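Structure, as structure tokens:
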Amino acid sequence: MNRIIGIEALDVRFPTSRELDGSDALNPEPDYSAAYVIVRTSTGEEGHGLAFTVGRGNDVQVAAVRALAPLVTGLPVEETLADLGSFSRRLTGDGQLRWLGPEKGAIHMAAAAIVNAMWDLYGRRTGKPVWLLLSEMSPEELVALVDFRYLRDALTPEEALEILRRAEPGRAERRRHLLDHGYPAYTTTPGWLGYDDEKLVRLCEEAVADGFTQLKLKVGADPAQDVRRLRLARQAVGPDVRIAIDANQAWGVGQAIDLMEGLKEFAPYWIEEPTSPDDILGHARIRAAVAPVKVATGEHCHNQVMFKQLLQAGAIDILQLDASRVAGVTENVAILLLAAKFGIPVCPHAGGVGLCEMVQHLAMFDYVAVSGSTENRVIEYVDHLHEHFTAPVRIVRGHYVAPTVPGLGAQLHPASAADHLYPDGPAWARQPSAV
């Protein structure tokens, strides 16, 4: 019998702080990192996943993966892949490790890395990219993935089935459209807070020339700087390109409301993470005060229950799920169904190593089999580190090209992983000042 024989967890870090790629108000010098997971089977198959961090603490994330590994080693592959809903609950519901969450933080992200690796394995076995694998599953199979225990007051299995059945007739047509035209993207590449004004303007102009109709700027470190940078960006792209802004949790609730008044003249499309990601009522208050600017959040949302409450409270206009913050593909199916029930568009977070590669599958599945729409929906794109992946994302005229390579896209080139192992990989040996 084919069984899972082991899980390898590697501490892989990229020294992005050198160029301030990824810099924002609360993460001024991030080193984009991955707790990189390889699931191995007795027949030589592999599945690849990761949890994204920004440097220090990636070792903690790797340790969390290793703590979960005994729950997986020895499981029969076919039976496990046939019931990935139960597999996910096995990882998130362990009677002792659950105490470290429950369903939040490093232990939950470790579950995400392993769950995503299993979906990658599933896609490889079937010869399908995960977005296609998911969108070919029946409504009943998809609903079976979801743990409704804490969701029933907002979404019942019957409602989830109705959402999926309503989208079923158009699946084939939307698959063809996706393969022909791709999925809309927006770019954060111009907007990192550590970039100087000249680089900001140049990258904004290049983004528009490349076909992007929305870009995003980081704000929150200094109000005067925010005004200056937004003015430069608006002048560079003109009035018809959407500019989203992201405070990365820098403000208190009242502060966010006050500071947004000074930025409205630049017509920001949304304000992302304006305050603590846990403050559901604070987001609701901000949303009411800053309209018509939209409120977006979700990349630091612990789990499907928090998303449920954000939706129930009317706290967000844009839901930003993440590929590895919650428990991977499986829990994200539940979150997509919640968003469809409440009629809130999903614009996934992808600012990080490997997130673009993975999250595109979730948005494309949503389009084909759940919401049936790309209206006001865009996937974040950042132009960093894709060359390290065996199946990197492709962007054409501001759209993600639908991947056709089997799996989830999280596999690193072995040489890239080896070169960036922390602390002894050659990339870090070349960085004498790294910490």
Side-chain angles (χ1 to χ4, degrees), residues 49 51-52 84-85 87-89 91-92 101-105 108-109 111-113 115-116 119 130-131 134-135 137 139 141-157 159-164 167 183 272-273 277-278 280 283 295-350 355 358-374 376-380 408:
F52 166 65
L84 285 172
F87 176 75
S88 179
R89 291 187 284 277
L91 295 180
T92 61
E103 298 183 42
K104 61 176 69 72
H108 206 50
M109 293 169 67
V115 167
N116 285 340
W119 278 99
V130 167
W131 72 264
L134 282 166
S135 65
M137 294 173 72
E141 289 173 317
L142 291 167
V143 168
L145 296 172
V146 178
D147 183 356
F148 285 94
R149 174 173 39 174
Y150 301 135
L151 301 185
R152 289 179 184 272
D153 58 322
L155 178 72
T156 67
E159 288 172 323
L161 277 172
E162 174 58 28
I163 289 167
L164 293 164
Y183 195 104
E272 180 174 333
E273 286 200 314
D278 297 350
I280 292 165
H283 277 85
V295 169
T297 198
E299 71 184 78
H300 283 87
C301 194
H302 298 302
N303 51 49
Q304 61 190 17
V305 176
M306 282 197 69
F307 278 112
K308 178 192 77 167
Q309 293 183 359
L310 284 165
L311 293 166
Q312 287 175 316
I316 55 173
D317 300 285
I318 304 290
L319 188 151
Q320 296 177 303
L321 57 75
D322 181 274
S324 66
R325 174 70 59 178
V326 303
V329 170
T330 309
E331 188 170 14
N332 272 311
V333 170
I335 293 164
L336 288 167
L337 287 166
L338 280 166
K341 162 71 183 295
F342 283 84
I344 295 296
V346 175
C347 298
H349 167 250
L355 297 186
M358 293 189 295
V359 81
Q360 62 181 332
H361 293 270
L362 301 171
M364 292 175 185
F365 158 65
D366 175 68
Y367 169 56
V368 173
V370 185
S371 71
S373 175
T374 59
N376 290 326
R377 290 166 166 83
V378 280
I379 307 171
E380 184 175 23
L408 191 60

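Since the model is a prediction, treat every value here as computed from it, not as a measurement.
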Please step through side-chain contact (heavy atoms from CB on, under 4.5 Å) for the pair Val115 and Leu84, ending with a clear verdict. CA-CA 8 Å; Val115 167; Leu84 285 172; over 6 Å; no
Checking Val130 against Phe365 for the side-chain contact (heavy atoms from CB on, under 4.5 Å) test, could you report, in this order, the C-alpha distance in whole Å, the side-chain angles of both residues, the deciding distance, and whether it holds? CA-CA 8 Å; Val130 167; Phe365 158 65; over 6 Å; no
Mind listing the closest non-hydrogen atom pair of Ala160 and Leu155 along with its distance? N-CD1, 4.0 Å
Distance (rounded to the nearest 0.5 Å) between Leu142 CG and Leu337 CG: 7.5 Å
May I ask you to decide if Gly328's main-chain N or O and Asn332's side chain share a donor-acceptor pair within less than 3.5 Å? yes
Taking all non-hydrogen atoms of both residues into account, name the closest pair between Tyr183 and Ser373 and its distance. OH-O, 4.4 Å
To the nearest 0.5 Å, tell me how far His302 NE2 sits from Asp278 CG. 4.0 Å
Would you call the rings of His349 and Phe52 parallel, tilted or perpendicular if under 30° counts as parallel and over 60° as perpendicular? tilted
Correct closest heavy-atom pair for Ala51 and Met109 would be CB-O, 3.7 Å
CD of Glu273 to CD of Glu299, rounded to nearest 0.5 Å, is 4.0 Å
For a quick test of reading the model, state the closest non-hydrogen atom pair linking Glu141 to Met137 and the distance between them. OE1-CA, 3.4 Å
Any pair with a residue in residues 145-157 that passes salt bridge (Lys or Arg N to Asp or Glu O under 4.0 Å), sequence neighbours left out, goes on the list, sorted by first then second residue, please. Asp147-Arg149, Asp153-Lys308
To the nearest 0.5 Å, atom CD1 of Ile379 lies from atom OH of Tyr367 at 12.0 Å
Does Asn303 use its side chain to pair, donor to acceptor, with the backbone of Val326 at less than 3.5 Å? no
A side-chain contact here means heavy atoms from C-beta on lying under 4.5 Å apart; do Thr92 and Pro102 qualify? no
Taking every heavy atom of Trp131 against every heavy atom of His361, the minimum-distance pair comes out as N-ND1, 3.1 Å
State the CE-CD1 distance between Met306 and Ile280, to the nearest 0.5 angstrom. 4.5 Å
I need the Ile344 CD1 to Leu338 CG distance, nearest 0.5 Å. 11.5 Å
Compare every heavy atom of Ala315 with every heavy atom of Val295, then report the nearest pair and how far apart it is. CG1-O, 3.8 Å
Any donor and acceptor pair, going by atom type alone, linking the side chain of Glu272 with main-chain N or O of Thr297 inside 3.5 Å? no
Side-chain touch Leu310/Cys301, heavy atoms, less than 4.5 angstrom: yes
Is there side-chain contact between Val146 and Pro157, with at least one heavy-atom pair below 4.5 Å? no
Run the side-chain contact (heavy atoms from CB on, under 4.5 Å) check on Val329 and Leu145 step by step: do they pass? CA-CA 10 Å; Val329 170; Leu145 296 172; over 6 Å; no
Close side-chain approach of Val346 and Leu321, heavy atoms under 4.5 Å: yes
Tell me the salt bridge (Lys or Arg N to Asp or Glu O under 4.0 Å) pairs involving residues 319-344, sequence neighbours left out? Glu159-Lys341
Keeping the roles fixed (side chain from Asn116, backbone from Ala323), state whether a donor-acceptor pair exists under 3.5 Å. yes
Go through the steps for Met364 and Leu134 under the test side-chain contact (heavy atoms from CB on, under 4.5 Å), then give the verdict. CA-CA 10 Å; Met364 292 175 185; Leu134 282 166; over 6 Å; no
Glu380: which residues meet the salt bridge (Lys or Arg N to Asp or Glu O under 4.0 Å) condition with it, sequence neighbours left out? Lys216
